[in-house]
Amino acid sequence: MANLNALTEFIKSGNRSKATKLTQEALDAGEVPQGILDAMVVGMDVVGERFKCNEIFVPEMLIAARAMKEAMAILEPALVKTGYKPIATAVIGTVQGDLHDIGKNLVSMMWKGASFNVVDLGVNVPAEKFVAAIKEHNATLVGLSALLTTTMPAMQTVMDAIRAEDFVGVKVLIGGAPITQNYADQIGADAFAADAASAVDAARKLLAN
Amino acid sequence: MANLNALTEFIKSGNRSKATKLTQEALDAGEVPQGILDAMVVGMDVVGERFKCNEIFVPEMLIAARAMKEAMAILEPALVKTGYKPIATAVIGTVQGDLHDIGKNLVSMMWKGASFNVVDLGVNVPAEKFVAAIKEHNATLVGLSALLTTTMPAMQTVMDAIRAEDFVGVKVLIGGAPITQNYADQIGADAFAADAASAVDAARKLLAN
Amino acid sequence: MSTHYTSLAIDDPTKLVFGHAPNPFTLRRGMVLGGGLVYPEINFTLPPMLIEAGTMNKVCTEYRQMITGVLKRAAELESPGVLVEFETLPPMTEHPDWGMQIVNILLDAMEEAHAKDGLASALRMTPNDNREMVRPPQMRSGIYWEGMLELFDRSAAAGAELLSIESVGGKELHDDALTMGDMQGSIFGLSVLGARDMKFLWTHIVEIAKRHGVHAAGDTACGFGNTAMVLAEQKMIPRVFAAVVRAVTAVRSLVAYECGAVGPGKDCGYENPILKAITGFPMSMEGKCASCAHFSPMGNLAAACCDTWSNESIQNVKLLGGMAPTMSMEQLIYDCRLMNVALGEGPKEVLKLRDWFVASDDSLDPQAYILRPDCCVQLAQAIISKDTPYTAARHVGLTAIDILRQAHADKSLKLSDRELPWLDTMTDTIQEMPDDENVLAQQVIATTEPGRFLPAEYGLTS
Amino acid sequence: MSTHYTSLAIDDPTKLVFGHAPNPFTLRRGMVLGGGLVYPEINFTLPPMLIEAGTMNKVCTEYRQMITGVLKRAAELESPGVLVEFETLPPMTEHPDWGMQIVNILLDAMEEAHAKDGLASALRMTPNDNREMVRPPQMRSGIYWEGMLELFDRSAAAGAELLSIESVGGKELHDDALTMGDMQGSIFGLSVLGARDMKFLWTHIVEIAKRHGVHAAGDTACGFGNTAMVLAEQKMIPRVFAAVVRAVTAVRSLVAYECGAVGPGKDCGYENPILKAITGFPMSMEGKCASCAHFSPMGNLAAACCDTWSNESIQNVKLLGGMAPTMSMEQLIYDCRLMNVALGEGPKEVLKLRDWFVASDDSLDPQAYILRPDCCVQLAQAIISKDTPYTAARHVGLTAIDILRQAHADKSLKLSDRELPWLDTMTDTIQEMPDDENVLAQQVIATTEPGRFLPAEYGLTS
Ligand SMILES: [Zn+2]
Ligand SMILES: [Zn+2]
Ligand SMILES: [Zn+2]
């Protein structure tokens with residue numbers, strides 16, 4: 001078990017080479033893949049907490065996420081063999097007419113750190129593309145971002161397109177500078193995240209329901 | 001005809017005693033009551049224009065309105081005999097929960113100056129009272145005022161109560177600091193006046209439709 | 001047990017400055033009002049929404065969001081302290097339980113910000129004056145009176161350190177006086193009805209404050225002087241008329257201090273510098289940062305003598321950068337920083353910045369002009385030279401008119417042609433008023449339609 | 001035909017002040033930018049709403065209401081002039097006809113306010129940079145490029161006197177550099193990609209301006225420096241990182257002036273004081289009045305060297321006192337009045353107020369500190385001492401780090417413990433970068449996933 005604690009530490013410090021090495025060693029030693037994954041997720045959770053408490057900055061968090069991503073690449077084949085499925089598949093994008101990515105990218109990265117499977121559609125994404133991606137990837141979580149007040153209405157369009165399908169259990173979370181809880185209520189989105197950091201908790205809460 | 005021009009002038013200058021005296025003289029001389037009324041209205045229109053052009057202040061306008069009101073008291077019996085009806089009867093009030101009168105009082109006064117028959121219900125007026133007054137006075141124009149953002153929703157309540165009745169041709173004009181054209185559209189009011197001065201034109205426009 | 005001021009706490013205009021008051025005092029978390037620093041005073045309110053039992057959860061969420069946002073920003077910008085004003089909306093005074101729910105939300109957040117970030121703050125509690133909810137207003141008893149007093153009492157017990165109100169006694173006649181340009185009506189509303197009501201009301205507020213060891217802060221003639229200012233900005237009434245009304249409002253607002261209030265006078269009392277000269281208590285002021293609530297012709301000049309600097313009130317709506325109250329908080333903090341830099345450099349520098357604030361606005365509008373520190377001392381002197389609010393009101397009104405006439409003559413103030421005749425009209429009106437306020441009162445009672453106001457509620461017999 | 005600056009227009013920090021620029025110029029209605037007065041610069045935008053053919057009537061109504069409201073208030077407050085900025089939203093650049101509809105509404109209202117109230121004003125036209133609408137961005141041709149140029153051309157012909165843009169060349173890599181805390185990526189995005197793009201773009205803008213006899217004003221590294229500032233305010237990235245990015249942005253924004261722009265640099269370019277020291281052109285700045293659009297740690301300090309004073313952008317929403325853009329207008333005018341009072345009293349007084357603005361903010365945040373006038377001159381010197389944007393960027397970055405390190409050492413700047421290690425990290429990174437930008441470019445091209453950016457669009461071969 002000792003090496004899994006170390007794996008947690010390497011994820012926390014963002015040490016890619018040691019994290020990947022240790023993941024391979026753990027697999028070779030016959031550790032249960034889910035146990036290895038849990039050790040990584042604990043590390044990312046600590047990193048997320050530290051960020052929330054203003055102890056570290058985004059770059060430190062991204063470095064940890066990058067270490068986790070590389071270690072996951074090693075772990076994944078073994079995980080999949082055990083029948084493992086990611087907690088959720090999320091589709092994320094900035095709505096049509098809008099060009100802003102930073103917020104969306106941060107959420108995308110943090111969701112990956114929380115071991116969601118994330119499909120990032122980029123910016124200026126039309127409603128049809130969201131719907132198609134939900135179908136294609138069996139997504140249960142959708143993240144919509146808009147930074148312009150003039151593209152907020154495009155969120156409504158996406159919501160309408162999603163609700164027009166017979167998706168079961170698809171939850172939509174929206175965010176971006178001009179967005180409010182009121183607006184989320186108004187267009188029928190399931191949740192609103194005030195910033196990237198709170199998007200993980202918000203998503204987990206949604207998926208738990 | 002000369003004395004009617006003078007009447008217009010006395011209304012403009014707010015000379016109560018001369019305006020009332022001249023009205024009586026015109027009646028005694030057999031002038032058509034409608035003609036006398038028109039002379040007064042022309043005076044008030046000029047006063048309204050001057051106000052709009054920032055040539056005079058509200059007090060000067062109110063003094064003219066007071067002169068007109070007193071002259072009207074003399075003219076009215078004769079007018080009524082000719083079958084005259086005021087252009088419109090208006091019901092006006094500040095909505096429930098709200099205490100502000102100044103704006104409402106100014107509109108009320110200006111509508112009187114435009115020779116509308118105005119029923120002022122005061123402040124903190126519940127929806128039922130508006131509906132009852134419209135029925136009682138056969139009003140075709142309703143003015144709603146609110147200064148608090150927390151009493152704006154009471155306008156919606158009044159609108160709903162009015163629309164629930166089968167009134168024909170009742171037009172509703174709303175105003176007050178927090179009110180916008182968008183809000184008027186949203187609650188189904190017929191018009192919005194940004195200030196007391198524009199409430200006359202707005203009302204005339206509504207009634208002309 | 002009321003004081004009658006017969007001398008000025010500040011008779012030298014160069015001593016009437018921001019950040020320093022002759023009678024400063026300290027709040028529980030260490031902020032010293034009038035003691036050498038200007039603090040931001042933030043006020044915020046709901047966006048358009050209903051307040052009723054069923055919406056109180058939403059109401060509380062809004063207030064929680066607002067207070068958290070503004071305190072967070074204040075801590076980030078390292079404000080030396082924040083005064084938070086909670087000005088209730090009518091249903092919150094009518095139902096003190098609702099008001100108290102919000103009071104506790106605010107106090108909890110302030111406590112948390114103090115514990116977590118070391119941010120000092122204090123709460124000014126301002127129940128709105130519901131007594132005019134019935135017409136004619138019932139001033140001294142009834143459910144509105146009782147709800148208001150209960151809210152004062154409970155919020156002081158809960159931890160609100162400053163008690164204030166925008167009292168409305170006399171407003172039921174004053175509104176019409178404003179739109180009619182009736183200076184006699186204005187003086188009657190302010191110095192006869194208003195002053196009598198304030199004496200009754202503030203005796204009660206001071207008693208509540210004493211009971212809880214908190215401070216009776218001060219009142220404002222908002223519904224009078226600021227209504228006049230807004231009407232003047234809308235070109236409805238002459239600016240000189242609004243300026244003279246402002247001078248007269250000082251007589252009315254002074255009554256709170258005569259009853260035992262200690263400041264800071266409420267933010268929207270633009271008459272406060274006059275009261276600072278008389279009483280020496282710290283004063284709150286608002287100017288350019290209050291343009292979210294109303295425009296004014298003295299956005300900088302209003303800062304000349306402030307001890308806290310306020311935004312008046314802003315709704316919780318979203319702007320591009322975040323919620324509007326947080327925007328206001330940031331603006332106030334930067335304005336205060338500038339004043340505090342000057343305060344840190346000494347009296348000469350304070351005077352320089354103060355004079356720049358004054359020079360920014362004084363020549364362009366009579367309402368700004370009469371609030372120059374030198375004019376404030378002159379007006380304060382006029383007020384204390386008389387024995388009663390009514391005589392003081394007439395005297396300060398005439399003094400204000402003289403100041404404006406002189407300023408126009410020596411070209412230090414620009415007055416438009418259509419304003420000028422009003423100076424003479426107002427002088428005539430004030431001079432022709434009866435010397436005895438009871439004579440005036442009987443005249444007013446006789447000529448006012450019954451049901452407009454209740455003389456007995458002002459201790460007047462008809 | 002581009003200039004390369006090798007000396008400073010202002011090398012004495014006491015000459016780097018608000019209201020005066022060594023190279024002022026006069027607009028058509030007589031406003032002199034940098035000639036002794038600070039003018040308000042107002043920018044406003046739509047509330048949440050769609051922009052499409054079917055809503056253009058509503059869009060026009062909003063703009064008509066906004067421009068009428070702000071000009072009315074400016075006239076009432078007797079502003080000596082107003083700069084109006086129209087920053088388009090993407091559909092208005094994509095459909096130049098829509099953009100022009102609004103341009104004409106603005107110009108008509110400005111003409112009317114001039115005729116009726118004698119209010120001087122001028123329009124700054126800022127088409128948003130749509131080129132990143134496709135990914136990877138196509139920088140030098142295509143519908144977005146053409147729409148943007150058409151809008152510049154037609155608005156200049158219609159009467160817009162100042163042409164600006166927030167250009168985005170290099171942003172497609174810079175965003176990630178910011179979130180990764182990657183100083184090499186930031187310098188590459190700004191001084192290799194950004195500077196190359198600006199040279200291409202501004203050569204075109206200057207040509208358009210010349211053709212219509214109007215002024216190419218300036219650019220801003222908004223999407224770079226202000227993104228960094230906002231991320232730092234949200235505690236996402238270190239403040240010292242954002243401060244160094246800001247210093248480097250000056251290298252990029254300078255390119256506009258090298259191509260023939262004459263100022264005023266765009267409001268949100270907090271790097272503008274550095275550029276004023278280099279070029280001597282007037283600059284627009286924004287600070288506390290821009291908190292409607294974003295918070296900042298330099299609400300007062302940003303005013304130190306401004307020639308116009310801006311609110312960045314505010315939406316047309318209703319607040320208690322009126323529409324939000326009118327609120328901004330009033331606030332800006334009062335801030336300008338204060339500066340203009342000091343300007344009226346002479347250089348010593350200007351310097352005093354400027355130093356107060358600086359002292360208000362400089363010790364609390366590294367982003368504020370490096371924009372002290374003395375630091376700006378030092379950074380400007382670092383920039384002009386090098387021959388290419390890339391070498392200047394590295395040098396100014398190191399200079400900024402040195403300034404911060406020194407300020408922290410002598411306790412004139414407070415840096416938190418978790419910020420400090422970043423100074424060394426950044427130094428190491430910059431020192432280890434290749435001396436030849438082409439070597440770096442090839443490295444970046446080799447290690448960046450294809451499709452993130454198009455080297456050829458920046459004149460780079462891969
Ligand atoms: Zn008030
Ligand atoms: Zn910008
Ligand atoms: Zn901008």
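As a basis for the values below, the full set of heavy atoms in this structure was taken, side chains included, without hydrogen atoms, waters or symmetry mates. Remember, it's a predicted structure, so these values are computed and weren't measured experimentally. Labels below follow one simple rule: chain letters A, B, ... track the order of the sequence lines, proteins then strands, and each chain is numbered from 1.
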Chain D interface, residue from C:I333, C:I314, C:L77, C:T326 that has the most non-hydrogen pairs under 4.5 Å: C:T326

Between C:S296, C:A342, C:A359, the one whose heavy-atom pairs under 4.5 Å with chain D are most numerous: C:S296

Smallest separation among heavy atoms of D:E78 and C:L364, with atom names: OE1-CD2, 3.5 Å

For the student: nearest non-hydrogen atoms of C:P297 and D:R337, plus distance: O-NH1, 4.4 Å

Minimum-distance pair of heavy atoms, taken over all atoms of D:C292 and C:L319: O-CB, 3.6 Å

Closest heavy-atom pair and its distance - C:E233, D:E76: O-OE2, 4.4 Å

Region of D:L301 in contact with chain C, defined by heavy-atom distances below 4.5 Å: neither

Heavy-atom contact with chain C under 4.5 Å, split by part of D:E345: side chain

Residue D:K235 versus chain C: region with a heavy atom under 4.5 Å: side chain

Minimum heavy-atom distance D:E349-C:W356, with the two atoms named: O-CH2, 3.4 Å

C:S291 OG to D:Q331 CD distance, which is reported to the nearest 0.5 Å: 4.0 Å

Best-contacting candidate, C:V341, C:N340, C:V317, against chain D by heavy atom pairs under 4.5 angstrom: C:V341

Verdict with supporting geometry, D:H294 and C:E330, side-chain contact (heavy atoms from CB on, under 4.5 Å): CA-CA 10 Å; D:H294 57 78; C:E330 173 155 329; over 6 Å; no

Under 4.5 Å from a heavy atom of chain C, the part of D:M329 involved: neither

Closest heavy-atom pair and its distance - D:N300, C:Y334: ND2-O, 2.7 Å

Heavy atoms of other groups near C:K352 NZ, more than 12 under 6.0 Å: yes

Pair D:T45-C:L320, side-chain contact (heavy atoms from CB on, under 4.5 Å): steps then yes or no: CA-CA 10 Å; D:T45 190; C:L320 297 169; 4.0 Å; yes

For chain D, the option from C:D355, C:D335, C:D365, C:V230 that forms the most heavy-atom pairs under 4.5 Å: C:D335

Contact winner vs chain D - C:C289, C:A293, C:G287, C:P47, heavy-atom pairs under 4.5 Å: C:A293

Winner by heavy-atom pair count (cut-off under 4.5 Å) against chain D, out of C:K318, C:K288, C:M323: C:K288

